[in-house]
Amino acid sequence: MSKLPVISGKKCVQALSKIGFVIKSQQGSILVRIEPKTRLSVPNHKELDKGTLRAIIRQAGLTVDEFINLL
C-alpha cells in the first residue's frame, strides 16, 4: 500500500471528477456519482487530514494506489 499524499480538498475533488463524480453543492463540496450511486462530502481545506482522506477514498470505492493514480 502506498503512503497517503498530503493534498487539498480542491485537488481531491479534481481527482474524483475523473471517475465520474460531479459537484452538487459548493458549500464544502458535495460530490455525487450516478453509477454506482454514491455521495461524498469533501471539506474545502488547504490540507485534508489523513483519516478524512482515507475515509473519502474508501467511500468512493477506491484503493489508495488507485486514488494516487488519479492525481
Side-chain angles (χ1 to χ4, degrees):
M1 183 190 304
S2 297
K3 187 176 178 183
L4 278 174
V6 177
I7 62 170
S8 67
K10 183 178 179 180
K11 184 92 170 164
C12 182
V13 169
Q14 290 171 348
L16 292 171
S17 69
K18 293 178 183 177
I19 58 167
F21 283 93
V22 293
I23 296 177
K24 182 177 180 184
S25 172
Q26 194 61 38
Q27 201 155 3
S29 294
I30 306 267
L31 304 172
V32 293
R33 179 173 61 184
I34 303 300
E35 280 300 319
K37 189 173 182 179
T38 311
R39 181 178 175 196
L40 296 175
S41 179
V42 179
N44 191 16
H45 296 165
K46 290 183 181 180
E47 289 184 4
L48 293 176
D49 290 337
K50 298 264 187 217
T52 303
L53 182 56
R54 190 173 300 280
I56 291 168
I57 293 169
R58 189 178 322 115
Q59 290 170 6
L62 300 171
T63 65
V64 174
D65 293 325
E66 290 171 336
F67 182 76
I68 290 171
N69 290 334
L70 293 174
L71 297 174

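Here the structure is a predicted model, which is why all the values come from computation and not from measurement.
Residues meeting the side chain to side chain contact (heavy atoms under 4.5 Å, CB included) test with K11, sequence neighbours left out: I7, S8, Q14, L71.
The shortest distance between side-chain heavy atoms of N44 and V13 does not fall below 4.5 Å. Side-chain atoms of K3 and I68, non-hydrogen and from C-beta on, never get closer than 4.5 Å to each other.
In the hydrophobic clustering of this structure, I56 groups with I19; members are Ile, Leu, Val, Met, Phe, Trp, Tyr whose side-chain heavy atoms approach within less than 4.5 Å, directly or through other members. A continuous path of hydrophobic side-chain contacts links I23 to F67 [ILVMFWY only; heavy atoms under 4.5 Å].
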Residues 45-53, side-chain donor-acceptor partners within the protein, below 3.5 Å, at least two apart:
from	atom 1	to	atom 2	distance (Å)
K50	NZ	L4	O	2.9

Would you mind writing out the side-chain donor-acceptor pairs for residues 29-37 within the sub-3.5 Å range, not counting sequence neighbours?
from	atom 1	to	atom 2	distance (Å)
R33	NE	P36	O	3.4
R33	NH2	T38	OG1	3.3
R33	NH2	A60	O	3.4

